Amino acid sequence: MPAKKSVIEIRGARVNNLKNIDVDIPRDALVVITGLSGSGKSSLAFDTLFAEANRRYVESLSSYARNFLDGFDKPDVDAIRNLSPAISIDQKSVSRSPRSTVGTMTEVYDYLRILFAKLGIPHCPQCGKQLSRKNTHQILDEILQLPDDTSLIFIAESKLLAGKTEREALALVNTWGYVRVFFRGELLPIADAIALASATEVSTILVIIDRLTLNLTRPDKERILDSLQTAFRVGQGTFTLRIGDTGEDRLYNEEYHCETCDLYLPEFTPSHFSFNSPEGACEKCSGLGVTLEFDLDLVIPNKNLTLAEGAIRPWNKMNGERHNGNGPMQWLREASRQHKFSLDVPIKKLSAKHFTLIVEGEQGNRQDAFPGVLALLEKKYRETKSDHLRTDIEAYMLTRLCPVCVGKRLKLSSLAVRIEGFSIDDLVAASTDAFLETLKTLRQTLLATGERGIIEPLFREMETRMRAVKKVGLGYLELSRGADTLSGGEAQRIRLSVQMKSGLSGIIYVLDEPSIGLHSRDTERLISALEDLRTANNSLVVVEHDVSIMRKADYIIDMGPGAGIEGGEVIFAGTPQALMQSKLLTGQYLSGKRTISEEKKVRRTSKTAITVFGATEHNLKNIDVKIPLGLLVAVSGVSGSGKSSLVHGILSRALSKFFYHAKTEPGAHKRIEGFAHINKVIAVTQSPIGRTPRSNAATYTGIFSLIRDLFAGTQEASREKYSASHFSFNMRGGRCETCQGGGMKKIEMYLLPDVYVPCEACRGTRYNAKTLAIEYRGTNIADVLRMTVTEARHFFLDQPMIEEKLRILEEVGLGYLVLGQSATNLSGGEAQRIKLGTELARKSTGKTLYILDEPTIGLHFEDVRRLLEVLEALVDKGNSVLVVEHNLDIIRAADWVLELGPDGGAAGGELIFSGPPEKLKSCKRSFTAKYL
């Protein structure tokens with residue numbers, strides 16, 4: 001064992017299912033905590049180690065600050081010694097705001113904004129002409145280049161005089177104190193001009209700010225600068241300088257001005273390049289790059305109906321809108337009388353002119369003109385205070401690319417600012433790899449022009465941050481990619497790259513499966529990034545199942561032996577070499593003595609297939625892909641090679657549209673053939689199963705409804721006349737009214753994220769005392785919600801419907817999951833397996849296509865083996881399973897492999913292999929082949 005000071009000592013840890021364990025974690029080392037799902041890995045790493053480090057940090061704050069930070073309870077542990085500050089990088093705590101991008105998360109976009117504000121050259125957004133302007137000191141330098149004794153006249157045209165009569169305008173100039181004007185083409189003293197002025201006519205009057213003769217031996221710089229500033233002020237940013245007897249007029253602008261388009265652009269600041277600031281954001285989409293627009297096919301889905309029968313779908317749904325005497329229907333009735341069309345004729349039989357009138361409204365500014373169906377819906381959507389109604393209306397809208405900025409988020413004037421021909425969008429639309437290359441060439445070109453003081457620090461910061469992103473295997477990501485489109489693993493690795501840049505030392509980093517979604521090649525890069533953090537004298541505690549990370553670790557802690565109640569013990573702690581020589585399950589898999597698929601089933605390749613033709617979404621290079629049916633098909637390739645674009649962006653969306661009339665449009669492709677060979681599609685992704693803490697595994701799978709029926713059937717419940725709804729924590733009656741069945745109360749933190757603390761009335765049980773008094777076999781409803789899936793299955797063994805649903809959740813590796821665990825606390829992999837379990841519990845038709853997105857995420861080798869058995873059973877029943885996967889064991893066990901690549905981003909997007917996995921090994925262009 002290392003010297004005592006060089007370990008973090010944990011004594012008597014009892015958090016969740018941990019069984020009073022003692023464990024020493026070496027400091028300044030890469031420590032992997034592994035074990036079956038639910039064996040207590042996260043309880044040890046996050047809920048004990050990180051929670052205690054976090055609590056001690058909070059305790060070091062002033063009592064005033066701690067008032068706002070209630071609810072950091074001490075973990076159930078006797079002692080933790082030699083603890084240093086900890087940073088947790090998990091998959092859940094990343095901002096999912098659509099206003100956040102890879103560029104803003106890495107802070108590179110902030111440096112780009114400064115670069116463009118300082119060195120960008122504005123162009124006219126309409127005609128593209130380069131714009132220039134000069135400040136007063138630059139104009140002074142120009143004036144001093146003129147010959148000696150040159151006469152100068154400073155002339156300004158004030159907008160305040162526009163539209164005034166000659167007499168009014170001159171009277172105003174007189175009050176300003178100027179003594180000469182250009183009036184009717186002549187330079188006159190103001191008194192003479194007033195004598196000639198008309199009380200009715202309007203003409204252009206120019207103000208003479210100053211007249212002087214240039215004396216180069218003793219130039220009066222103060223006077224010239226003062227005249228320049230005054231001329232700019234009177235002329236609102238422009239003035240004319242008349243030079244000498246030649247009568248040459250030079251026009252100067254304080255702002256950027258395009259004479260061709262008569263367009264003025266402001267002084268550009270960094271906020272003009274921010275899509276989160278009113279100065280920079282596109283006004284149409286408010287900087288989101290997309291807009292919500294009404295879709296006519298959703299608003300009027302059935303063209304066979306008449307207007308009277310309710311052809312306008314949203315008006316039917318909105319209470320009384322259709323029959324309301326003074327509602328939109330009454331308006332439409334008036335319009336039909338005026339324009340002579342019938343409300344009792346099917347929509348498809350109306351003339352194009354009348355249809356346009358109904359949809360877009362009457363032209364003209366009449367007070368009672370019919371504004372059109374779309375305008376009325378738009379108004380309702382804008383003005384309603386009801387979230388429920390707004391959600392209802394959104395069902396008739398589609399997210400479309402903003403027509404003004406075309407998804408670039410910024411105002412056109414900001415997009416027209418260029419550096420060496422690049423706009424800020426050109427740079428952020430490139431992948432990290434391409435951006436790094438562009439930075440190199442830009443840096444050299446700009447340094448040649450000077451401004452070293454601005455260029456050096458900005459480029460140094462950007463390059464360091466981008467190299468860190470590349471190092472964690474994310475070189476394929478564009479800087480403009482929205483945070484809401486990143487997978488949990490990608491978002492976590494971006495946070496890791498930011499930490500690598502921070503240069504901190506002596507920190508404990510607690511990571512949650514950073515290898516998620518990474519190809520074996522990219523995992524090697526990630527390992528090198530983790531080793532860099534370790535070299536800087538940091539301690540890394542990584543919850544991980546990846547073989548290559550485990551083999552490179554300095555120390556492994558294996559939790560087990562089982563999951564849930566059967567876990568919570570340290571069954572091994574030592575080096576990877578010692579683990580491989582042990583008889584333990586993890587050690588046998590790690591050394592290769594045991595493999596996930598022992599005997600591979602040989603399936604005959606089926607004749608039927610679904611074929612995607614001409615796929616060009618994102619980086620796909622116009623590929624045709626044939627997906628054989630009735631088999632387990634794996635789609636592999638390095639990160640960013642186009643797997644998700646093909647499977648989720650095109651195929652899954654096209655199938656959902658075909659079978660379920662889904663709204664989302666599939667990605668760019670020519671056509672898809674073979675839909676007739678299947679009768680159902682089930683796409684199981686990693687998106688959350690619920691957005692609120694009220695949603696959990698029991699409610700999502702439907703198990704909770706069956707359990708509530710059981711409780712409602714007890715004698716006590718019948719005596720109290722309690723129905724099943726009484727046992728719902730979302731309904732009045734049985735729930736605790738203090739927290740309204742939430743179990744937790746939200747404390748608003750103002751400057752910090754909101755904190756949830758247990759409700760003091762129900763102690764977090766969600767129910768009132770009367771409901772908790774009703775028991776089924778000595779257990780109340782709150783106790784059931786605290787059970788794990790495995791515990792609940794043993795408890796409900798005599799209830800076949802409940803037992804079957806729970807057994808399937810156990811088979812997909814979720815035996816450890818607590819039934820009442822909030823959906824917001826589930827990882828992407830857990831959410832996906834809950835969905836998979838829910839779908840598997842339904843009766844199979846035998847012609848279903850299951851589409852899965854890396855289902856092995858977060859699974860131990862043994863859990864992967866069980867999951868593979870479930871997938872094999874599906875295929876044996878005649879179904880088809882399509883899996884996007886990096887796990888080499890799943891790729892080996894597949895019947896057919898489709899490999900995209902050869903690399904990520906622009907260097908990917910090709911189909912480089914299609915065939916059985918045995919033949920993939922000889923594919924020279926495949927990175928997967930090297931690791932198989």
Side-chain angles (χ1 to χ4, degrees), residues 102 289-290 399-401 406-407 428-435 473-482 485-487 490 517-519 521-522 609-629 633-658 662 664-675 681 683 685-686 849 851-854 880 882-886 891 894 896-915 920 923-929:
V102 172
V290 290
T399 303
R400 293 211 171 98
L401 210 58
V406 207
V428 297
S431 68
T432 302
D433 289 342
F435 179 68
L474 296 176
Y476 61 91
L477 280 184
E478 301 89 8
L479 288 175
S480 57
R481 176 90 174 263
T485 66
L486 297 173
S487 71
E490 286 170 335
L518 276 188
H519 188 271
R521 182 199 68 172
D522 302 304
I610 286 179
T611 312
V612 180
F613 292 96
T616 52
E617 178 75 353
H618 293 318
N619 64 338
L620 296 176
K621 300 199 168 92
N622 196 17
I623 56 173
D624 301 344
V625 182
K626 185 178 180 185
I627 299 156
L629 295 174
V633 179
V635 182
S636 65
V638 299
S639 309
S641 58
K643 305 180 297 296
S644 296
S645 300
L646 174 69
V647 176
H648 301 293
I650 298 174
L651 182 66
S652 176
R653 287 179 179 182
L655 288 164
S656 298
K657 197 163 178 142
F658 180 79
T664 318
E665 287 295 322
H669 68 287
K670 284 177 189 154
R671 67 183 194 283
I672 300 179
E673 291 177 2
F675 285 176
V681 63
T685 63
Q686 294 173 37
L849 170 63
I851 299 176
L852 292 106
D853 185 12
E854 298 189 55
S880 311
L882 179 65
V883 188
V884 174
E885 192 52 91
H886 291 294
I891 295 171
W896 198 263
V897 176
L898 300 167
E899 169 106 2
L900 293 178
D903 218 311
E910 298 174 47
L911 180 67
I912 57 173
F913 177 81
S914 173
L920 174 61
C923 176
K924 295 253 176 15
R925 297 180 72 199
S926 160
F927 278 107
T928 309

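Predicted model, so just to flag it, every value in this text is computed and none were measured.
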Practice task
Begin with the C-alpha distance, continue with both residues' side-chain angles, and end with the deciding distance and a verdict on side-chain contact (heavy atoms from CB on, under 4.5 Å) for Thr611 and Val625.
Solution key: CA-CA 6 Å; Thr611 312; Val625 182; over 6 Å; no
Handout entry: Salt-bridge present (Lys657, Glu665; N to O < 4.0 Å)
Key = yes
Practice task
Please name all residues satisfying salt bridge (Lys or Arg N to Asp or Glu O under 4.0 Å) with Glu899, sequence neighbours left out, ordered by chain then number.
Solution key: none
Practice task
Taking all non-hydrogen atoms of both residues into account, name the closest pair between Ser645 and Asn619 and its distance.
Solution key: OG-OD1, 4.4 Å
Exercise for the section: To the nearest 0.5 Å, tell me how far Leu474 CG sits from Ser431 OG. Expected result: 11.5 Å
Practice task
Apply side-chain contact (heavy atoms from CB on, under 4.5 Å) to the pair Arg521 and Asp903, showing each step before the final yes or no.
Solution key: CA-CA 10 Å; Arg521 182 199 68 172; Asp903 218 311; 3.1 Å; yes
Problem - Qualifying residues under ring-ring contact (aromatic ring centres under 6.0 Å, His included), relative to Phe613, sequence neighbours excluded - result: none
Completion exercise
OH (Tyr476) and CD (Glu490) are apart, to the nearest 0.5 Å, by 3.5 Å
Problem - Value rounded to 0.5 Å, distance of CG in Leu920 from OG in Ser914 - result: 10.5 Å
Practice task
Measure the shortest side-chain to side-chain distance between Val884 and Leu646 over non-hydrogen atoms and say whether it is less than 4.5 angstrom.
Solution key: no
Problem - Worked verdict on Ile672 versus Ile650 for side-chain contact (heavy atoms from CB on, under 4.5 Å) - result: CA-CA 9 Å; Ile672 300 179; Ile650 298 174; 4.2 Å; yes
Handout entry: Residue pair Ser926 / Phe913, side-chain heavy-atom distance below 4.5 Å
Key = no
Exercise for the section: List the atom of Ala429, the atom of Ser480, and the distance in Å for their closest heavy-atom pair. Expected result: CA-OG, 3.9 Å
Completion exercise
Closest heavy-atom pair, Ile891 versus Ser636, reported as atoms and distance to 0.1 Å, is CD1-CB, 3.7 Å
Exercise for the section: Without swapping roles, check the side chain of Lys621 against the backbone of Ala906 for a donor-acceptor pair under 3.5 Å. Expected result: yes
Completion exercise
Between Leu651 and Leu882 the two heavy atoms that sit nearest each other are CD2-CD2, 3.6 Å
Practice task
Measure from the side-chain N and O atoms of Glu854 to the backbone N and O of Glu885, and report whether any donor-acceptor pair falls under 3.5 Å.
Solution key: no
Handout entry: Polar side-chain atom of Lys643 near backbone of Gly637 as donor-acceptor pair, under 3.5 Å
Key = yes
Problem - Contact check, side chains of Leu518 and His886, non-hydrogen atoms, under 4.5 Å - result: no
Exercise for the section: Look up atom CD1 in Ile610 and atom CG in Leu655, then write down how far apart they are to the nearest 0.5 Å. Expected result: 5.0 Å
Completion exercise
When rounded to the nearest 0.5 Å, the distance separating CZ of Arg653 from OG1 of Thr664 is 6.0 Å
Exercise for the section: May I ask you to decide if Leu477's main-chain N or O and Thr432's side chain share a donor-acceptor pair within less than 3.5 Å? Expected result: yes
Handout entry: Spacing of Ile912 atom CD1 and Leu898 atom CG [to the nearest 0.5 Å]
Key = 11.0 Å
Fill in the blank from the handout: Minimal heavy-atom distance between Val638 and Gly904, with the atoms involved, is CG2-N, 3.6 Å
Practice task
Would you check if Leu849 and Ile627 make a side-chain contact, meaning some heavy-atom pair closer than 4.5 Å?
Solution key: no
Practice task
Give the intermediate values and the outcome of side-chain contact (heavy atoms from CB on, under 4.5 Å) for residues Thr928 and His519.
Solution key: CA-CA 8 Å; Thr928 309; His519 188 271; 2.9 Å; yes
Fill in the blank from the handout: For Asn622 and Lys670 the tightest heavy-atom approach is OD1-NZ, 3.6 Å
